[in-house]
Amino acid sequence: MKLHLKFDFNAICRKVLNEKLLEHNIKHKIVGFGEVKLLEKVSADRLERFSNDLTAYSIEIVENQKSILVQKIKDTITDMVFNNDTPTNLKASAYLSDTLGHSYGYLSNLFSEVTYTSIENFIILQKIEYTKQLIINENLNLTEIAFKLNYSSVAHLSTQFKNTTGITPSAFQRIITKRRELKSQTN
Amino acid sequence: MHEDYINIILADDDEDDRLFFSDAFDELKITTRVKTFNDGVYLMDYLNSEGTVLPNVLFLDLNMPRKSGLECLQEMKKNDKFKDIAIAIYSTSASEEDIEKTFVMGANIYIKKPNDFKTLKKVLEEVVTINWQYYTNGLNKDNFLLRL
Amino acid sequence: MPTRILNKSWLIKSIFFISAFVILVIGGTTYKKIEDLSQSSALLTKTYKTNVELEKIFSHLKDAETGQQGFIITNDPIYLEPYHTGRENINYSFAELKVLGSDNTTLQNNLKELNILIDKRMEYFEKAFRFSSVGNYEDQNFNENFSNGKKLMDTIRVKIKGMIDSENQLLNKRQQTYDSDLKLTPMFLYMVLLLSLVLMFLTYSKIISDLKKIKSANEQLEIFKESTEQSEIIGKQGNWIWDIEESTFIYSDNLYRLLGEEPQSFKPTLDNFLNFVHPEDLEKFRKDIDRMMTYADLSFIHYRIVQKNGATKHFKACAKLHKNVDGKKQLLGITTDITDEIEHFKTLEERNLELERNNKELSAFNYVASHDLQEPLRKIQTFLSRFEDKEASKLSDSGVLYVDRIKNAATRMRMLIDDLLQFSRTNKADKAFEVADINTLLENAKLDLAESITDENAIIASNHIPSIKVIPFQIQQLFSNLITNSLKYKSNDRTPEIRITYSKVIASEEPRILRPKKPYYHKIKFSDNGIGFDNKYAENIFVLFNRLHNKHEYSGTGIGLSICKKIVENHQGFIFANGKPNIGATFTIYLPFL
């Protein structure tokens with residue numbers, strides 16, 4: 001006996017995906033063929049477990065492999081900047097390839113492909129974000145921040161701040177202070 | 001990211017500027033949906049109506065008839081519904097103080113309308129990218145200030 | 001002046017009293033002396049009389065003796081006549097002498113003795129008569145009696161002579177005292193007279209000099225009064241004195257004139273004055289007057305009056321409490337007609353407003369022009385860039401050239417508009433001063449120019465500048481413009497270097513600060529090693545649109561340094577340029593300590 005089946009691969013995939021996503025308790029929306037939109041932030045760990053589950057169905061998360069790695073790069077950089085637990089003499093590139101076990105060239109290309117920015121820019125962005133936090137919350141001056149973040153000079157830090165945000169650190173501080181004053185007035 | 005659209009709205013009364021703006025996004029690699037409005041009243045009506053998909057980035061011209069960019073900014077800052085929208089002031093030029101004033105009032109980005117198309121494209125790309133960084137990396141949006 | 005004379009009146013008073021005392025003394029002494037004199041002369045006369053009487057007594061005695069002898073010889077009673085009269089006269093003389101010698105005990109004693117002697121003599125006379133009447137001349141008793149009489153006569157003579165001598169001695173003594181009195185009295189009187197003359201002369205000269213002073217003081221007062229009147233007329237002022245206790249007024253002539261009346265043409269009272277006060281100001285004026293009565297003092301009050309011809313004038317008055325010599329309270333007041341001032345002020349204010357309006361319009365125009373021109377220009381440039389991107393390949397060579405020229409022109413226009421806009425922004429007056437860290441402003445300016453500084457490899461060195469009260473944005477702009485200027489006019493054979501030095505200076509020690517508004521200034525100096533300029537352009541360099549170089553050599557608009565000057569002037573400061581061709585330029589900024 002022969003059965004002639006007509007498969008709607010798309011529907012099957014949808015069903016499987018839907019079940020698995022529900023199983024992993026991930027809010028989602030299946031957008032179309034081969035595309036799922038996650039409606040919440042999902043940690044790299046959870047995504048990895050979800051991804052492992054899917055291998056039984058020979059479904060591979062194509063983008064996610066990259067995404068996970070990119071996320072790992074970002075996490076590493078954020079850690080590096082905010083927790084400054086990295087040896088100061090080590091270059092970011094070396095540190096990243098050591099920690100993630102990939103060549104820096106590979107990481108760099110992957111990162112740019114996915115995020116449209118370079119690792120270097122991302123590091124700078126994170127450093128400047130950290131600087132902003134330190135200016136506002138810790139009330140540190142630029143000299144102290146430059147030292148804390150391993151900048152060669154205050155000028156270097158403020159130039160980078162200006163180049164990244166378009167405003168000077170002092171203007172930034174002034175704006176945030178005035179904003180808070182304005183808020184406390186209206187409240 | 002590129003599997004998703006980035007929603008962008010521009011409110012500007014100048015037709016040419018709206019044209020440059022849309023053209024620039026058309027030529028960028030980033031997938032965006034650009035909507036434009038002729039003035040602040042149209043913009044706010046749209047934003048306040050039910051079921052509207054709120055934009056990721058909103059570009060506001062300052063000098064608009066009926067409702068100026070600053071009025072829109074103030075209105076939006078009062079409403080928590082709009083707190084996730086990055087607001088970019090998109091204006092001809094202003095003094096340093098005026099720029100700071102818009103920041104203090106809650107704008108995240110100040111863009112001086114560039115003098116050539118290439119720069120315009122570059123600037124808009126940067127805005128979208130950096131905004132995306134904030135969006136995806138859970139950075140403190142309160143500290144998001146960018147001047148281009 | 002009058003007080004000085006008043007103060008000296010005690011001198012005149014004391015001189016007067018001294019003189020009166022001296023005259024009294026003179027009178028007293030003179031009286032005493034004259035009395036002494038007359039006493040001495042009376043005594044003299046007495047002595048003389050005494051002597052005369054004594055002589056008389058003796059001569060009477062002699063007469064009596066002669067008579068007795070004649071009688072005895074002739075027994076003619078006719079000779080008895082002198083004897084009897086002699087006796088009588090002796091008695092008279094005695095009586096006289098008793099009176100004369102009443103205050104002279106020696107004389108009285110002597111007289112008594114003499115009396116006894118004379119009595120004895122008379123006894124002998126009587127005895128002799130008894131003998132002669134009986135003609136018993138040969139009687140021994142008669143002879144004895146006769147010789148006794150003769151002896152007694154001698155004794156009397158001696159006695160009288162002694163008395164006369166003693167009287168003469170007394171006379172001599174008195175004569176001497178009298179003489180000395182007579183000699184000393186005029187001397188003494190003369191001296192006292194001289195003294196009083198000197199005193200009188202002193203008093204006289206004092207009075208004369210005081211009179212002179214009073215006269216000149218009076219003259220000055222007269223002049224002063226005259227000039228006060230003049231200045232009242234010229235200064236449109238009127239004086240008044242208000243005696244508070246008696247509530248009386250004195251108005252100066254000009255006060256009447258200010259009210260449009262003839263001098264002293266009506267009684268100066270408060271009510272009469274109130275008639276002139278403008279009805280709208282009356283209530284306030286009354287209040288001011290009440291206040292003046294209560295506090296006896298009046299700071300400036302302003303009110304209007306209406307003259308009889310209907311003209312309204314603006315008055316300003318003030319008064320001061322004054323206590324006169326008697327302790328009477330008086331208000332001394334000055335009223336000024338300030339109508340002209342007020343009118344001038346009004347015109348000035350109007351003109352100022354007009355000027356301000358014009359200025360505002362001008363800067364608004366400038367702002368709108370430069371601001372609004374930006375938009376079409378930006379579109380031209382943007383369309384041009386689109387055109388270049390899309391259509392350049394289809395253009396002929398000359399077409400490409402033209403597009404390029406259009407682009408250049410548009411770029412230059414952009415620069416001009418940007419600078420003009422910046423200039424008009426620095427014109428706005430409503431900028432807030434705040435204490436700012438100047439070093440940060442300098443760093444910010446450097447950040448703004450980071451790209452060109454890096455491109456030129458420029459070295460910018462500065463020493464520490466303290467925080468200063470400034471308009472921060474403008475100072476940053478100032479620094480930014482100065483650095484831009486130095487970088488633009490850099491020398492081609494050296495690395496650009498800008499040295500910024502700071503010092504605190506005293507205005508008076510800086511010769512270039514001509515009219516300092518504050519005593520201390522911050523001096524910030526920008527020195528570069530660029531191409532410099534001829535120092536004769538040191539002033540022109542700041543003039544709007546003034547350029548020292550052809551625009552093809554250097555792409556300036558001639559606005560940048562004008563903005564610098566504007567900013568420094570907004571801060572009430574000074575900016576000076578100093579140049580040496582091919583060595584460099586120095587810009588010195590002085591900002592006041594606020």
Side-chain angles (χ1 to χ4, degrees), chain B residues 10-29 36 38-39 59-65 68-70 89-104 110-126 145-148, chain C residues 363 367-368 370-392 403 406-408 410-415 417-428 430-432 434 436 441 444-445 447-448 471-480 563 567:
Chain B
L10 166 72
D12 194 329
D13 62 319
D14 191 295
E15 201 193 332
D16 292 334
D17 278 327
R18 291 200 302 270
L19 177 69
F20 294 146
F21 190 84
S22 308
D23 281 2
F25 273 113
D26 281 349
E27 290 186 19
L28 287 180
K29 279 187 283 176
T36 59
N38 288 2
D39 68 37
F59 291 81
L60 281 172
D61 183 25
L62 286 180
N63 290 320
M64 286 188 289
S68 77
L70 284 183
I89 302 297
Y90 185 61
S91 175
T92 306
S93 90
S95 66
E96 296 289 322
E97 286 124 301
D98 290 344
I99 292 169
E100 275 200 26
K101 210 167 80 191
T102 60
F103 278 133
V104 170
Y110 191 98
I111 304 161
K112 185 191 168 207
K113 290 178 184 172
N115 298 327
D116 67 274
F117 195 68
K118 265 187 211 143
T119 320
L120 176 64
K121 269 165 53 177
K122 210 180 119 223
V123 162
L124 293 181
E125 187 179 12
E126 205 174 333
L145 296 180
L146 176 67
R147 187 182 161 201
L148 291 162
Chain C
S363 55
Y367 180 78
V368 167
S370 43
H371 186 266
D372 289 6
L373 278 172
Q374 288 185 104
E375 220 159 275
L377 179 62
R378 180 168 49 77
K379 283 181 192 166
I380 291 172
Q381 286 183 304
T382 312
F383 277 121
L384 207 58
S385 74
R386 298 233 70 189
F387 181 78
E388 247 194 330
D389 287 348
K390 290 188 168 173
E391 317 289 331
V403 170
I406 296 172
K407 253 172 73 184
N408 283 345
T411 307
R412 175 139 187 90
M413 189 165 169
R414 157 76 43 202
M415 242 160 56
I417 288 177
D418 281 353
D419 284 356
L420 264 179
L421 190 62
Q422 206 185 75
F423 184 75
S424 81
R425 276 184 188 135
T426 47
N427 249 342
K428 282 191 191 166
D430 52 341
K431 304 286 179 184
E434 53 186 272
L441 295 180
N444 289 349
L447 281 183
D448 285 341
I471 308 166
F473 287 111
Q474 292 198 356
I475 294 298
Q476 188 174 325
Q477 183 78 59
L478 168 73
F479 291 163
S480 166
I563 293 171
I567 289 173

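Treat the numbers as computed from the prediction; the structure is a model and nothing was measured. First the proteins, then the strands, lettered A, B, ... as listed; each starts at 1.
- Comparing B:D116, B:N115, B:T119 by heavy-atom pairs within less than 4.5 Å of chain C, the highest count is held by B:N115.
- Near-neighbour residues of residues 17-24 of chain B relative to chain C, defined by a heavy atom under 4.5 Å from a heavy atom of that chain, comprise B:D17, B:F20, B:D23.
- Residue B:K112 holds its NZ atom at 9.0 Å from CZ of C:R378, rounded to the nearest 0.5 Å.
- To the nearest 0.5 Å, atom CD of residue B:E96 and atom CG of residue C:N444 are 9.5 Å apart.
- When atom types are taken as modelled, the side chain of B:T92 and the backbone of C:E375 share no donor-acceptor pair closer than 3.5 angstrom.
- Qualifying salt bridge (Lys or Arg N to Asp or Glu O under 4.0 Å) partners for B:D13, counting only residues two or more places apart in sequence or in other chains: none.
- Between B:E97 atom CD and C:Q474 atom CD the span is 7.5 Å, to the nearest 0.5 Å.
- Scanning for side-chain hydrogen bond (donor to acceptor under 3.5 Å, both in side chains) contacts around B:E27 gives B:K121, C:R386, with sequence neighbours left out.
- Residues satisfying the side chain to side chain contact (heavy atoms under 4.5 Å, CB included) criterion with B:E100, sequence neighbours excluded, are A:A171, A:R174, A:I175, A:K178, C:F473.
- Using a 4.5 Å heavy-atom cutoff, the side chains of B:D14 and C:K379 are in contact.
- For a residue to count as touching a neighbouring chain, one of its non-hydrogen atoms must lie under 4.5 Å from one of that chain's; by this rule C:L421 touches chain B with the side chain only.
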